[in-house]
Amino acid sequence: MIIAVDGPAAAGKGTLSRNIAEAFDFAHLDTGSIYRATAKKVLDNGIDPEDDAACADIARNLTADDITSDGLRTEAVGQAASKVSAIPAVRAALLDFQRDFANTPPHGKAGAVLDGRDVGTVVCPEAQVKIFITADTEVRGERRFKELQSAGQNAIYARVLEEMKERDERDSSRSVAPLKPADDAIVIDTGKLDAQQVFDQALEIIRSRQP
Ligand code: DC
């Protein structure tokens with residue numbers, strides 16, 4: 001079974017996907033980490049995140065270790081990830097890895113949960129369950145701000161909010177695989193829900209789709 005969880009930054013995709021994967025003993029792939037890993041290598045090598053050919057080259061040579069490397073969750077890497085992910089050749093280079101993970105989950109697991117922006121629309125349009133989670137920008141900005149603070153990073157709320165708006169705008173308006181719910185996705189607004197309530201709604205959706 002393939003479960004797609006898409007949505008904008010800080011909507012709660014990671015928490016929900018991890019909870020689903022644990023409950024069903026499925027594999028989980030945070031597809032954002034692949035774009036972040038590409039972006040981090042681009043920055044570390046002094047490459048311009050808008051240099052299409054050089055970024056695509058980095059994406060084609062990404063290793064499993066790169067995806068789990070430290071330092072992927074910073075705002076600078078997130079912004080650069082949003083830029084490199086708008087390059088069609090970068091997206092194409094990362095597609096097979098995501099599809100292989102979904103179709104043949106590691107450790108022989110019976111299913112996979114993939115979270116990102118275009119899992120339900122482009123990566124796995126055949127997914128049995130498609131959930132799109134979202135919340136107002138202010139709510140998500142505050143969540144991200146608290147996350148950064150508790151990770152010991154020096155954050156300013158107004159700046160975090162501004163960067164989030166910029167990233168949402170870029171991710172939604174790019175020409176390839178823009179952020180948008182699939183036609184058959186179920187949308188959950190997580191603004192007034194806690195993680196358990198979001199999980200409960202998702203469980204109902206998944207159970208209704210199980211054979
Ligand atoms: O979910 P995240 O914040 O880790 O994602 C970082 C960036 O990667 C995001 O701004 C856009 C890009 N991304 C994407 O284009 N497609 C995905 N499936 C996942 C992430």
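Atoms within each ligand, like the ligands themselves, are counted from 1 in listed order.
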Please classify the Arg144 to ligand 1 contact at 4.0 Å (heavy-atom distances, strictly less than): side chain, backbone, both or neither.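 No part of Arg144 is near ligand 1 at this cut-off.
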Taking 4.0 Å as the limit for heavy-atom contacts, which would you say applies to Ala9 with ligand 1: side chain only, backbone only, both, or neither? neither
If only side-chain N and O atoms count, and only distance matters, is there a donor-acceptor pair under 3.5 Å linking Arg167 with Ser82?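 Short answer, no.
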For Ser69 and Asp66, test the side chains for any donor-to-acceptor distance below 3.5 angstrom and give the result as yes or no. no
What protein heavy atom sits nearest [atom], and how far off is it?
{"atom": "atom 3 (O) of ligand 1", "value": "Arg36 NH2, 2.9 Å"}
{"atom": "atom 19 (C) of ligand 1", "value": "Thr31 OG1, 3.4 Å"}
{"atom": "atom 8 (O) of ligand 1", "value": "Tyr35 CB, 3.5 Å"}
{"atom": "atom 6 (C) of ligand 1", "value": "Arg167 NH1, 3.4 Å"}

Give a yes or no answer on whether the side chain of Arg143 reaches the backbone of Ala10 with a donor-acceptor pair at less than 3.5 Å.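 Checking the backbone N and O of Ala10 against the side chain of Arg143, a donor-acceptor pair under 3.5 Å is found.
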Among Arg91, Glu166, Arg117, Met164, closest by heavy atom to atom 15 (O) of ligand 1 is Arg91
With sequence neighbours left out, what residues match Asn45 under side-chain contact (heavy atoms from CB on, under 4.5 Å)?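 Result, side-chain contact (heavy atoms from CB on, under 4.5 Å) vs Asn45: Lys41, Ile47, Ile58.
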May I ask you to check whether over 12 heavy atoms, not counting those of [X], lie within 6.0 Å of atom [atom1]?
{"X": "Arg60", "atom1": "CZ", "value": "yes"}
{"X": "Gln149", "atom1": "CD", "value": "yes"}
{"X": "Glu126", "atom1": "CD", "value": "yes"}
{"X": "Lys109", "atom1": "NZ", "value": "yes"}

So if I count the atoms of ligand 1 from 1 in the order they appear, which ones are less than 4.0 Å from some heavy atom of [X]?
{"X": "Gly116", "result": "18 (N), 19 (C)"}
{"X": "Ser85", "result": "11 (C), 12 (C), 15 (O)"}
{"X": "Lys13", "result": "1 (O)"}
{"X": "Asp118", "result": "16 (N), 17 (C), 18 (N)"}
{"X": "Asp171", "result": "9 (C), 10 (O), 11 (C)"}
{"X": "Ala81", "result": "6 (C), 7 (C), 8 (O)"}

Under the ring pair (Phe, Tyr, Trp, His ring centres under 6.0 Å) definition, can you give me all pairs with a residue in residues 96-154, not counting sequence neighbours?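 Counting only pairs at least two positions apart or across chains, the ring pair (Phe, Tyr, Trp, His ring centres under 6.0 Å) contacts touching residues 96-154 are Phe145-Tyr157.
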Is the closest N or O pair between Arg174 and ligand 1 shorter than 3.5 Å?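 Yes; at least one N/O pair falls below 3.5 Å.
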